[in-house]
Peer 1: 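Structure incoming, see below.
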Amino acid sequence: MAEPRAAADVADADLGSYQAAVRLVLSHGLITARHPRPGILDRVLPWADLLARDLRDLCGYTLVATTRQVRLVRRLDGLDPSRGRVFVNRAGRAFDRRRLAYLCLVLSTFQRSRVEVSLTDIVRALTPAAQAIDGLGYDPLQGPHKAAVVDVVGWLLDRDALAVSDGSVEAWARSAEGDALFDVDHDICAALLRPARPLQHLTGAAGLLEDPHGPAAARVRRMVLERPVVYYADLDPEAAAVLRRDGLAENLARLTGTVVERRAEGVSLIDPSGSFTDRPFPGRGALARAAGLLLGKVADALDGGMLRRAAGPSDAEEQAALRARLDKAVPEDTLARGMAWDLPRFASPEVSAETLPLVERHRLEQMVQELYTEFGADSFTAAWRADPLGLLDASLAFLSDLRLVRPVPGGVLVLPAAVRYRNITQALPTPDGQIGLFAGATAQEQP
């Protein structure tokens with residue numbers, strides 16, 4: 001079957017604008033008048049019809065667009081823990097399980113709510129539902145419980161699902177007399193939770209995923225768009241053959257305005273603008289800088305022949321383990337057994353015979369200590385100044401999300417794409433706040 005040509009009806013002069021709209025839709029999933037920023041919706045809506053056609057033909061996605069929102073309904077081929085970063089409070093802290101549960105329960109109450117509802121009414125509806133769940137509950141005298149409600153309401157306000165018409169959330173949080181009155185946008189609330197199938201019909205997390213035996217081309221296109229890197233070793237033979245085919249990745253590059261990077265091990269779309277990712281790398285910030293410096297240390301160890309090779313779990317094995325962990329939490333008593341979904345048969349995990357360089361934990365700790373000595377603890381910001389091991393853990397999680405390393409017991413395996421950054425150099429801020437032009441040199445060393 002011929003590859004559907006992306007942006008086929010877009011004039012060359014408009015291609016950049018169209019590609020920017022594609023990146024915005026793929027990056028944010030939900031776009032409203034204020035989310036992620038004012039003005040974004042107006043940039044996407046003119047391209048809504050073409051976007052819907054391209055994303056459907058290439059990936060099987062559904063784009064729902066109205067004058068007030070654009071929602072991309074994805075098809076998922078695997079579980080991606082990094083997607084949980086969508087759920088953060090206004091301080092950037094990730095939602096814990098209590099907040100995620102409250103969010104689902106609050107959204108469920110809106111199905112029966114009026115257009116206008118007070119925060120007191122929301123909590124009144126939330127309480128019995130939360131009390132019915134072992135280990136959850138809601139107690140108005142518990143500060144952490146009220147803080148979780150505040151974070152959930154803030155998340156909904158930021159996405160225009162709620163709008164304050166009177167009072168304030170802060171007043172409700174401070175005292176029992178305070179309250180807030182909201183206008184509810186039921187269309188946006190309905191768009192926020194769009195599972196692939198009714199959750200009561202699922203006996204396992206695999207029911208949220210696409211059939212692994214579905215069309216390989218659409219599956220591969222989704223992987224190339226959604227993953228930082230797609231390795232041939234992580235694919236079944238049919239999908240790997242599709243990825244090696246001329247034109248598929250290049251067509252996605254035309255769709256998104258990115259650059260295809262092909263290596264012996266796999267394919268990646270590189271976005272020089274850094275706007276097609278929630279985790280730009282290389283980038284500014286203590287975490288991105290530390291991760292880059294750590295990769296430099298790893299590259300030095302690799303060049304020096306100091307790393308032994310080891311085999312780790314394959315991508316299929318990691319997915320199977322993650323599904324098994326999630327399935328343990330399935331509430332058996334709420335399942336509609338008579339309507340249970342027939343879970344797709346996933347291919348048996350194949351253990352890759354390929355071994356990868358292993359960096360043991362003690363060597364990683366030594367590397368981060370060396371970085372603190374070389375650059376000074378203050379250069380890693382106040383948050384990490386006295387916590388090098390915390391910064392190490394956060395850096396490794398960051399690199400794992402980018403599929404540059406794979407955590408294993410006792411250390412990490414270095415994935416092939418990490419070599420792309422072996423020559424990365426750092427430009428440290430100078431005392432006047434400017435970035436030095438001479439990478440790696442301190443302000444005093446610059447001519």
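Only this structure's heavy atoms are used, side chains among them; waters, hydrogens and symmetry mates stay out.
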Peer 1: Considering only residues two or more places apart or on different chains, which pairs with a residue in residues 51-87 satisfy ring pair (Phe, Tyr, Trp, His ring centres under 6.0 Å)?
Peer 2: Phe87-Trp155

Peer 1: Just jot down the ring-ring contact (aromatic ring centres under 6.0 Å, His included) partners of Phe276, sequence neighbours excluded, or say none.
Peer 2: none

Peer 1: Given Glu365, which of Gln369, Arg363, Arg361 fulfils the side chain to side chain donor-acceptor pair (under 3.5 Å) condition?
Peer 2: Arg361

Peer 1: Do Lys146 and Tyr138 come close enough that some side-chain heavy atom pair is under 4.5 Å?
Peer 2: yes

Peer 1: Looking at residues at least two apart in the chain, or sitting in another chain, which of them share a side-chain contact (heavy atoms from CB on, under 4.5 Å) with Ala286?
Peer 2: Thr381, Trp384

Peer 1: Flag the pair Val149 / Val106 as yes when at least one side-chain heavy-atom distance between them is below 4.5 Å, and no otherwise.
Peer 2: no

Peer 1: Please indicate whether Arg325 has more than 12 foreign heavy atoms, meaning atoms of other residues, nucleotides or ligands, lying under 6.0 Å from its CZ.
Peer 2: no

Peer 1: For Glu318, enumerate each residue passing the salt bridge (charged side-chain N to carboxylate O under 4.0 Å, His left out) test, keeping only those at least two apart in sequence or located in another chain.
Peer 2: Arg406

Peer 1: Can a side-chain donor-acceptor contact be found between Thr32 and Asp160 if the only test is distance below 3.5 angstrom?
Peer 2: yes

Peer 1: Would you mind telling me which of Asp96, Val152, Val153, Leu107 makes a side-chain contact (heavy atoms from CB on, under 4.5 Å) with Tyr102?
Peer 2: Val152

Peer 1: Can you find a pair of side-chain heavy atoms, one from Val229 and one from Leu415, that are under 4.5 Å apart?
Peer 2: no

Peer 1: Does Phe281 have any ring-ring contact (aromatic ring centres under 6.0 Å, His included) partners at least two apart in sequence or in another chain, and if so, which?
Peer 2: Phe398, Tyr421

Peer 1: Could you give the side-chain donor-acceptor pairs of residues 35-48 under 3.5 Å, partners two or more places apart or in another chain?
Peer 2:
from	atom 1	to	atom 2	distance (Å)
Trp47	NE1	Ser17	OG	3.2

Peer 1: Do the non-hydrogen side-chain atoms of Leu24 and His28 ever get within less than 4.5 Å of each other?
Peer 2: yes

Peer 1: Heavy-atom distance under 4.5 Å between the side chains of Val260 and Val267, does that happen here?
Peer 2: yes

Peer 1: Applying the side-chain contact (heavy atoms from CB on, under 4.5 Å) criterion to Asp77, which one of Glu226, Arg219, Arg227, Gln319 satisfies it?
Peer 2: Arg219

Peer 1: Counting only heavy atoms not in Asp14, do more than 12 fall under 6.0 Å of its CG?
Peer 2: yes

Peer 1: Is Asp378 salt-bridged to Arg385, cutoff N-O under 4.0 Å?
Peer 2: yes

